Each structure stands twice: as structure tokens, then as C-alpha cells.
Amino acid sequence: MNSGEVKKIRDRFLKELEGSKSPSERKKICKRYIEEELSSVFCCLKDLSGENKAKVGKAANELRQMINEKMKESKESEETKEEWLDVTLPGKQPSFGGVHPLAKLQERCEEIFAKMGFISVEGPEMENEWYNFDALNFTPDHPVRDMQDTLFIKQKDREKLEAKDKLLMRTHTSPVQVRYMEKNEPPLRIIVLGRVFRNETTDSSHDINFHQLEGLMVGESISVANFRSVISFFFKELFEDSVEVRLRPSFFPFTEPSFEVDVSCTICNKKGCSVCQKTGWLEVVGAGMVHPNVLKSAGVDTERFNGFAFGVGLDRIAMVAQEIDSIRLFYSGDLRFLKQF
Ligand code: FA5
């Protein structure tokens, strides 16, 4: 090794640098020369003698300094390039989310009921046994509690707690009836929109969490005819007359008499399918005249006031309205489904 060979390395380096196309390529060339070519020169210095060693050492040091400078320049121009902003380029299109079909339906329901003077109120999703059952005339060991498979919250020594301290996920929106009447004097007209939870086996029209719309009207001399008129107006506005509606007698401990409202199945046009369980009709509302015991639990004067209440299964309404054949699609988070609305 002599200083002439170091000069050859230097010439090769400068030539390669000249032919490079970008700062990052120049940076790579500098790195390679320092790590490979120069380090082998420094490695063999120890075997050289006297004057040659000094000359080679000096030339190699000068070359290293030059390469470092070139590397620094390349880094700087690379950074400037990265920071450079071309304002003439088309911007990135932000992706917009959409309103979930159930949220859209909730808004529409609020609009329709507002036309009839109903205001929208809320209640907690984690309820206690008192509001979910006892205040609604479900006696403590009444078998009717089994009608709704409940998701109870695990609590220490639960059996020793009062009903108001025993927690559960609400199985319906009806507890809000009592919560609201405790704080507000009749006459009143409210709707409650919200999520409810049941420990059920799922199928195309049942899920473990779904949405209900509760309605409550309390005043003087309220009748079943008032209920019929309110629910008929609701369906007429929502479906623009495209579905048939029927009322059937039913049973709920918190209403007397009680009804169930069915709408004709739009998925099969009443021919019978898995969604309507081959009946041609879909059960969408539970309803009735509020039981006096419920009014009493909320401190309402039953001599003077009475009323009706109803609970609509919103998911099923959305299914009928949009001809959706499985409730589970609402909660799947599948964008191919959601983007259709
Ligand atoms: C109730 O939940 C009562 N609280 C309704 C009520 C309110 C009656 C006020 C009287 C007065 P029901 O369990 O039938 O009733 O449920 C009401 C509606 O929720 C049903 O008509 C149905 O449309 C819907 N629903 C019930 N279970 C499910 C489920 N697992 N998945 C989806 N929707 C359901």
C-alpha cells in the first residue's frame, strides 16, 4: 500500500459520487467508502514502515475528512428535500365516516315523536333490580323475571343487597318510565332511545344487545285509542304506508291490558322467512296501559292520572325499513354493509 493507491481510491470515490442521482444515494456511497475502502487502508497501516506509513496515513486521513464532509452535505440536502412541500400537488382525500343506520333511525324517530309533543330523555344502561323489575311490578320471585334473560353484574354478597343496589345491564328501556315520573309531574309525553342487553341465543332477529325506543304518555283520561293513534301515526310517517300493522293481546307485568304490535315482513312480503320465523309478521312493539302499581312506585296519583307505554325494537324496525335480513349485521362493523347507508 502506498499513497498513490489511496489517491486511486479517492478518484474512484469522486467519480462514483459524480454519477449518483440523489442525496440518499450519495450518502450510501460515502458510508460504503468509509466502512469498506478506508477501513481496509487503516487496517494495513500497522504493517507499513517509516516514511510510507506516514504518507499513507496522512492521505487516508485527508480522504476520510473529505468523505465525511461530502456525507454531511448529502444529509443536509436530503433533509431539505424531505421538508419540501409541493403545495400544487392534489391534497389527500380525507375519508368520511357515515351515520350508522340505527343512529339514523333514532334521529328519524325523535323527529316523528317531536311532532306529537314527545320529548326525548335518557336513562342508565347499567341499571339496578329495583328500576328494571320491582318498580315495574315484577314481584321478587315472580317467574316473569325469567322472560328476560338478564346479564347481572357480579357483586360481593349480592344476595344481601337491597334491590336498588343490585346491578344489572338493563333488559329494556322501561325503567326510565319510573325514573322520569319520580322527578316530573304529569301530564307528560316522553320517548327514551337506548341500548338494552339480554342474555339470549342469537339468530337473525335476536341479539344480546339491541336498541329500544320507549314511549310513555301520562295524563288525565288517556285511553287505548290514544295509543293506537300515536303508534299508527309513527308507523305511517316512518314507512309511508308501505307496511301493514296489527295489534295482538299480550302480557307484561307493568301494563294492563297489554298488547304486541307486529308489522308485515318486508324481507319475504309476508310469505314467511327466517327473519319473521315463517309467520309473515315481525313483532316490533310491546305496549299497554301503564299498570297502576307502576304509577304508584313513581309516586303518581292514580286516582287522577293514567297512561300508556310502549317499547319498540329499533333494530327490527331498521331491518324492515331497509330490508336487512340479519340483525347481527348492525353490530358486525363490516364496512361493506355500513357503506350502503
Ligand atoms: C319489552 O322489552 C317491554 N319493555 C316493552 C314494553 C314497554 C311493554 C312498555 C309495555 C310497555 P319485549 O321483551 O317484547 O318488551 O321487547 C320489545 C321489543 O324489543 C320486541 O317487540 C322486539 O322488537 C325487540 N326485541 C326483543 N328481544 C330482542 C332481541 N333479543 N333482539 C332484538 N330485538 C329484540
Side-chain angles (χ1 to χ4, degrees), residues 102 105 109 118 123 127 131-133 135-138 144-151 168-181 189-218 222 224 226-227 230-231 234-235 238 243 245-263 265 274-277 279 281-295 298 306-321 324-331:
L102 286 173
L105 176 63
C109 292
F118 284 75
E127 250 308 348
Y131 285 112
N132 200 78
F133 293 128
L136 292 171
N137 202 32
F138 291 79
V144 81
R145 289 188 191 231
D146 296 337
M147 269 169 62
Q148 297 173 336
D149 296 325
T150 307
L151 292 158
L168 48 79
M169 298 310 291
R170 68 175 176 193
T171 57
H172 51 175
T173 40
S174 301
V176 190
Q177 288 183 29
V178 180
R179 283 185 177 274
Y180 189 79
M181 285 191 288
R189 287 178 213 191
I190 57 160
I191 56 163
V192 186
L193 290 153
R195 186 176 277 232
V196 302
F197 309 84
R198 292 187 195 176
N199 187 17
E200 289 199 43
T201 312
T202 65
D203 61 25
S204 52
S205 60
H206 292 80
D207 213 329
I208 54 159
N209 104 84
F210 57 99
H211 289 77
Q212 283 192 340
L213 180 162
E214 187 85 9
L216 173 71
M217 179 169 178
V218 177
I222 306 286
V224 176
N226 295 131
F227 166 67
V230 166
I231 208 74
F234 168 63
F235 282 123
L238 195 64
V243 293
V245 180
R246 74 176 187 190
L247 228 72
R248 289 183 285 112
S250 185
F251 170 74
F252 296 100
F254 38 98
T255 46
E256 183 57 39
S258 305
F259 324 101
E260 239 144 18
V261 183
D262 300 338
V263 292
C265 182
S274 66
V275 176
C276 61
Q277 279 147 9
T279 62
W281 295 88
L282 208 54
E283 176 210 313
V284 287
V285 186
M289 300 305 290
V290 183
H291 196 291
N293 288 351
V294 177
L295 297 173
N306 74 334
F308 65 77
F310 56 89
V312 184
L314 279 182
D315 307 63
R316 294 201 190 155
I317 298 278
M319 288 169 76
V320 174
I324 295 161
D325 61 7
S326 174
I327 190 170
R328 287 172 282 213
L329 285 168
F330 291 126
Y331 305 101

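Just so you know, ligand 1 is whichever comes first in the structure, and atom 1 is the first atom listed for that ligand. Note that the structure is a prediction, hence the values are computed from the model and not measured.
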A.B. asks: Short question: side chain of Asn137, backbone of Pro253 - any donor-acceptor pair under 3.5 Å?
C.D. replies: yes

A.B. asks: Should the proximity of Ala287 to ligand 1, defined as any heavy atom under 4.0 Å, be assigned to the side chain, the backbone, both, or neither?
C.D. replies: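 Ala287 to ligand 1: backbone contact only, side chain stays beyond 4.0 Å.
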
A.B. asks: For ligand 1, which atoms have a heavy atom of Ile327 less than 4.0 angstrom away?
C.D. replies: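 Counting from 1, the qualifying ligand atoms are 31 (N), 32 (C).
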
A.B. asks: Between Asp207 and ligand 1, which residue portion shows a heavy-atom distance shorter than 4.0 Å: side chain, backbone, both, or neither?
C.D. replies: backbone

A.B. asks: Examine the proximity of ligand 1 to Phe254 and report which part, side chain or backbone, both or neither, has a heavy atom under 4.0 Å away.
C.D. replies: side chain

A.B. asks: If only atom types and distance count, is the side chain of Glu260 paired as donor or acceptor with the main-chain N or O of Arg248 below 3.5 Å?
C.D. replies: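 It does not hold such a pair.
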
A.B. asks: Which atom names give the shortest non-hydrogen contact between Phe308 and Val290, and what distance separates them?
C.D. replies: C-CG2, 3.7 Å

A.B. asks: Looking only at heavy atoms, what is the nearest atom pair of Leu213 and Cys109, with distance?
C.D. replies: CD1-CB, 3.4 Å

A.B. asks: Using heavy atoms and a 4.0 Å limit, tell me yes or no: is Asp315 in contact with ligand 1?
C.D. replies: no

A.B. asks: Under 6.0 Å between ring centres: does that hold for His172 and Phe252?
C.D. replies: no

A.B. asks: Mark up the atoms of ligand 1 that fall under 4.0 Å of a heavy atom belonging to Val285, in ascending order.
C.D. replies: 21 (O)

A.B. asks: Using a strict cut-off of 4.0 Å, indicate which atoms of ligand 1 neighbour a heavy atom of Gln212.
C.D. replies: 1 (C), 2 (O), 16 (O), 17 (C), 18 (C), 19 (O)

A.B. asks: In the structure I gave you, are the side-chain heavy atoms of Leu282 and Cys276 within less than 4.5 Å of one another anywhere?
C.D. replies: yes

A.B. asks: Quick one: which ligand 1 atoms are inside 4.0 Å of a heavy atom on Ser205?
C.D. replies: 31 (N), 32 (C)

A.B. asks: Pick whichever of Phe227, Phe308, Phe310, Phe210 has a heavy atom sitting closest to atom 27 (N) of ligand 1.
C.D. replies: Phe210

A.B. asks: Could you list which atoms of ligand 1 come closer than 4.0 Å to a heavy atom of Arg198?
C.D. replies: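 Answer, ordered by atom number: 1 (C), 2 (O), 12 (P), 13 (O), 16 (O), 26 (C), 27 (N).
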
A.B. asks: Which of the atoms of ligand 1 are close to Gln177, meaning less than 4.0 Å from one of its heavy atoms?
C.D. replies: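 So the atoms of ligand 1 that pass are 9 (C).
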
A.B. asks: What part of Ser258, side chain, backbone, both or neither, has a heavy atom within less than 4.0 angstrom of ligand 1?
C.D. replies: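 Near ligand 1, Ser258 shows nothing, with every heavy atom at 4.0 Å or more.
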
A.B. asks: Would you say Ser174 and ligand 1 have an N/O pair spaced under 3.5 Å apart?
C.D. replies: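 Yes: some nitrogen or oxygen of Ser174 is under 3.5 Å from one in ligand 1.
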
A.B. asks: Could you pull out the closest heavy-atom pair between Met181 and Val294, with the gap in Å?
C.D. replies: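 Nearest heavy atoms, Met181 then Val294: CE-CG1, 4.4 Å.
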
A.B. asks: I need the atoms of ligand 1 closer than 4.0 Å to a non-hydrogen atom of Val284, numbered in the order shown.
C.D. replies: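 Those qualifying, in numeric order: 21 (O), 23 (O).
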
A.B. asks: Go through ligand 1 atom by atom and flag the ones less than 4.0 Å from a non-hydrogen atom of Glu200.
C.D. replies: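 By the 4.0 Å cutoff, the relevant atoms are 27 (N), 30 (N).
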
A.B. asks: Compare every heavy atom of Ala287 with every heavy atom of Phe227, then report the nearest pair and how far apart it is.
C.D. replies: CZ-CB, 3.3 Å

A.B. asks: Please work out, at 4.0 Å between heavy atoms, whether the side chain, the backbone, both, or neither of Glu283 comes within that distance of ligand 1.
C.D. replies: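 For Glu283, backbone and side-chain atoms both sit under 4.0 Å from ligand 1.
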
A.B. asks: Looking at Asp325 and Val275, what are the two nearest heavy atoms and their distance?
C.D. replies: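 Shortest heavy-atom separation between Asp325 and Val275 comes out as O-CG2, 3.3 Å.
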
A.B. asks: Within the structure, does His172 bring an N/O atom to less than 3.5 angstrom of an N/O atom in ligand 1?
C.D. replies: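 It does: an N or O of His172 is found under 3.5 Å from an N or O of ligand 1.
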
A.B. asks: For a quick test of reading the model, state the closest non-hydrogen atom pair linking Ser174 to Glu214 and the distance between them.
C.D. replies: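 Here Ser174 and Glu214 meet closest at OG-OE2, 2.8 Å.
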
A.B. asks: Is the closest side-chain heavy-atom distance between Glu283 and Arg316 below 4.5 Å?
C.D. replies: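 A side-chain contact exists here, since the closest heavy-atom pair is under 4.5 Å.
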
